[in-house]
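The structure appears below as structure tokens.
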Amino acid sequence: MPNNFIHDFIDQDLAEGGQYEGRTVHTRFPPEPNGYLHIGHAKAIYIDFATAEKYQGLCNLRMDDTNPIREDVEYIDAIKEDVHWLGYDWGDRFYYASDYFEEMYGYAIELIEKGLAYVCELTAEEIRETRGTLTEPGQNSPYRNRPVEESLNLFSRMRAGEFEDGRMTLRAKIDMNSGNINMRDPVIYRIAHETHHRTGDTWCIYPMYDFAHPLEDAIEGITHSLCSLEFEDHRPLYDWFIENCSVPYIPRQIEFARLNIEYTVMSKRKLRSLVEEGIVDGWDDPRMPTISGLRRRGFTPQAIRNFCERIGISKVDSVVSHDFLEFCLREDLNDHALRGSAVLDPVKLIITNYPEDQTEQVEVQNFPYKPELGSHEMSFSREVWIERNDYAADPPKKYHRLYEGNEVRLRGAYIVKCTGHLEDEEGNITAVLAEYDPESQGGKAADGRKIRGTIHWVDVNAAIDSEVRIYENLFTVKEPDVSAADYHELINPDSLQVIEHAKLEPWLLQPEFRDSTFQFIRQGYFVQDNKDSTQEKPVFNRSVSLRDTYRPE
RNA sequence: UGGGAUGUAGCCAAGUGGUAAGGCACGGGACUUUGACUCCCGCAUUCGUAGGUUCAAAUCCUGCCAUCCCAGCCA
């Protein structure tokens, strides 16, 4: 992991005289179980876990479940699966913020006893009205200076369930004049008669994030609590709680910029609505930036980790280009994906001088620059499927594929010379015609003549039909999150293109290849859909296309 | 108008007083049984801007400008 400003801070903290001299670096990834993880979280996960690794420290996984109104067990297993899939392990340090509710309650009492917190009976609306604005200070609550005993009594009755939701809150007594609105007597406990997924009905008061989070970190002995930029002005509050509660450890919060990527959204709210409105096929739709979506799309954990490493860590608001994400995937897949043949938009090529009832086996490499990965056979006969756009009746300049009179190599098989095409009454091309050079087995000309074009093909007699799904960006603009328009208007209507009958060579469909991503030669990288693909009706997703620098004039 | 942050190429991003790393994208070339990959070459006389300090400034100082975050009993 390259160095970055966070590591500079850690180095200082660890150095002689630093605040964590002699300590083990301890980070945490604290998702709220209220949705699925997305690639923005992957960046945070990478930073938290890879930083711990770099310093031979530890990283905890913690469910930040302090608000039962929003959270659900449904998400917990998915979050664990995603973090593991990305390649990170939290050992036996899987925690829930809710495990600390009793301790937090104790710290709240401590604050009350110190005169640093009070039970406030203002309504939510009154609190808002007295909070002031960005430019005007707030006003003190009339309950601010009530006796400690009274707050203590009321707080225990809040816990006992004597009051309905919203009737009162516990507030920190800090400074209603602070320029930092977070310091204007923030609410630290609210009443919510709500069943919690873990603590059930044990509690009807729940701590707020600003109060809970520093305590969670302190209780777990976290040294560096890494979070995103919007918490920067919560840091004084974070430190205030750490200073005023007698916690066992002192954690340090450091903020970094969250990840944005072109042509997609990262807010849980919008992702959820895409799912709920049926615009996509669930949280794991291959067009979603969720970890499960990327997995289904065919991304590898390595590609995602490389991406996270290379975008860097800084405090600059940025939008990473979509190209870069694709580059990281291609780079990894290029080096790992076995090569196979598939024709996505098939048209027949008839080799008129090849015997009608003959079939032969030709050998093709599984991986061009890694011969140790072996080879496999493809059957070849008089009729093979080729891509419709590998033939041109009227070829543009510098077109190296099939057109009348031109020679092309059928990859791994033979060199063929195009002799024209067949068409129906409407002028649609129904087949391409060619003659093969029997002396060119394997695609090598006996006389050594150079053949410029090589195209892929699949034997008509052997081809297996498969559905292939081609994905494009979900949104039509680079930054849908910042657009003023309703995001529904920005959705790309062509983000999913379904090809019903692509022609695949049978080798691709061996059961042991079920979860492997392949390169379909000259097309891109494809993986079987982890939900819909079956042996009877295979379904492939295009993970990413190959780079294509061909520019017809 | 208060508070907190951030401005280095089209996009990320190093740089911490000694004369602008790297990656993506892009352009050109070589190689090629994937128009892929790989390999070469090119791509900021300038660091938001205006001044100042210094032999020397992206780095230090001052002013200005732009952008982002904060007024949940969300996280």
Side-chain angles (χ1 to χ4, degrees), chain A residues 2-4 8 30-32 34 64 66-67 69-71 120 122-125 127-129 131-138 165-171 177-184 186-192 205-206 208-210 212-213 227-236 255 257 259 262 268 310-328 330-331 334-335 339 341 364-365 368-369 398-401 408-413 415 442-444 450-456 478 482 519-524 545-552:
Chain A
N3 215 45
N4 56 67
D8 291 343
E32 183 185 18
N34 71 339
D64 204 2
T66 57
N67 184 357
I69 299 165
R70 292 154 48 104
E71 295 146 10
C120 180
L122 254 26
T123 63
E125 194 180 342
I127 287 183
R128 190 183 339 116
E129 284 165 354
R131 186 155 27 222
T133 67
L134 294 180
T135 52
E136 301 158 28
D165 291 3
R167 176 74 184 74
M168 50 187 74
T169 58
L170 183 69
R171 290 227 257 166
N177 293 308
S178 175
N180 182 343
I181 294 178
N182 296 301
M183 301 299 270
R184 316 234 265 229
V187 170
I188 61 179
Y189 264 94
R190 75 283 216 181
I191 301 172
I205 56 171
Y206 293 93
M208 300 287 291
Y209 170 88
D210 283 318
H213 208 86
C227 64
S228 46
L229 246 32
E230 67 267 31
F231 294 104
E232 205 154 19
D233 47 11
H234 291 242
R235 187 171 1 116
E255 313 82 15
L259 171 66
E262 290 173 353
K268 273 190 196 172
R310 296 201 274 199
I311 51 176
I313 304 169
S314 73
K315 298 185 69 155
V316 184
D317 282 307
S318 61
V319 182
V320 175
S321 69
H322 184 258
D323 286 342
F324 192 64
L325 215 211
E326 291 201 328
F327 165 80
C328 291
R330 284 194 191 101
E331 178 192 48
N334 176 54
D335 210 36
R339 270 61 168 173
S341 295
V364 290
Q365 295 298 309
Y369 57 92
K398 295 203 288 191
Y399 182 83
H400 305 314
R401 293 129 59 169
V408 159
R409 176 165 37 234
L410 296 180
R411 185 171 179 276
I415 293 167
K444 200 169 290 171
K450 279 195 77 163
I451 302 299
R452 213 31 225 281
T454 298
I455 66 172
H456 58 99
K478 280 188 179 178
V482 303
Q519 183 192 110
F520 288 179
I521 286 286
R522 297 209 306 140
Q523 303 279 3
S545 68
L546 245 34
R547 187 160 170 265
D548 181 10
T549 55
Y550 175 60
R551 300 272 178 281

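Throughout, a chain's letter reflects where its sequence line sits, starting with A, and its residues are numbered from 1.
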Is there a Watson-Crick or G-U wobble partner for [N] with both distances under 3.5 Å, and if so, which one is it?
| N | value |
| --- | --- |
| B:rG17 | none |
| B:rU1 | none |
| B:rU38 | B:rA30 |
| B:rU6 | B:rA66 |

Given atom [atom1] of [X] and atom [atom2] of [N], what is their separation to the nearest angstrom?
| X | N | atom1 | atom2 | result |
| --- | --- | --- | --- | --- |
| A:Arg235 | B:rC69 | CZ | C1' | 13 Å |
| A:His456 | B:rU32 | NE2 | P | 21 Å |
| A:Asp317 | B:rC11 | CG | P | 14 Å |
| A:His234 | B:rC68 | NE2 | P | 18 Å |
| A:Ile313 | B:rG23 | CD1 | C1' | 15 Å |
| A:Asn4 | B:rA13 | CG | P | 11 Å |
| A:Ile191 | B:rC73 | CD1 | P | 14 Å |
| A:Phe231 | B:rG3 | CZ | P | 23 Å |

Contact class for [X] vs. all strands (heavy atom < 4.0 Å): base, sugar-phosphate, or nothing?
| X | result |
| --- | --- |
| A:Thr133 | base |
| A:Arg339 | base |
| A:Leu122 | base |

So, OP1 or OP2 of [N]: does either fall under 4.0 Å of a side-chain N or O from [X]?
| X | N | result |
| --- | --- | --- |
| A:Ser321 | B:rA25 | no |
| A:Arg167 | B:rC73 | no |
| A:Thr454 | B:rG35 | no |

Apply the syn/anti split at 90° from 0 to B:rG72 and say which one it is.
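That one's syn.
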Stepwise side-chain contact (heavy atoms from CB on, under 4.5 Å) check, A:Ser545 with A:Arg330:
CA-CA 8 Å; A:Ser545 68; A:Arg330 284 194 191 101; 3.6 Å; yes
Taking atom P in both B:rA56 and B:rU45, what distance in whole Å separates the two?
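Between the two P atoms, the distance is 22 Å.
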Do A:Glu32 and A:Lys268 sit within salt-bridge range, that is, some charged N less than 4.0 Å from a carboxylate O?
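Result for this pair is no, no salt bridge flagged.
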When the nearest nucleotide of RNA chain B is assigned to A:Pro368 and to A:Thr135 on a heavy-atom basis, which residue is associated with the more 5' position?
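The residue closer to the strand's 5' end, by nearest nucleotide, is A:Thr135.
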First of A:Leu229 and A:Glu262 reached from the 5' end of RNA chain B, by closest nucleotide
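Result of the comparison: A:Leu229.
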Assess whether one donor atom and one acceptor atom, taken from the side chain of [X] and the base of [N], lie less than 3.5 Å apart.
| X | N | answer |
| --- | --- | --- |
| A:Arg452 | B:rG35 | no |
| A:Asp233 | B:rG3 | yes |
| A:Gln519 | B:rU34 | yes |

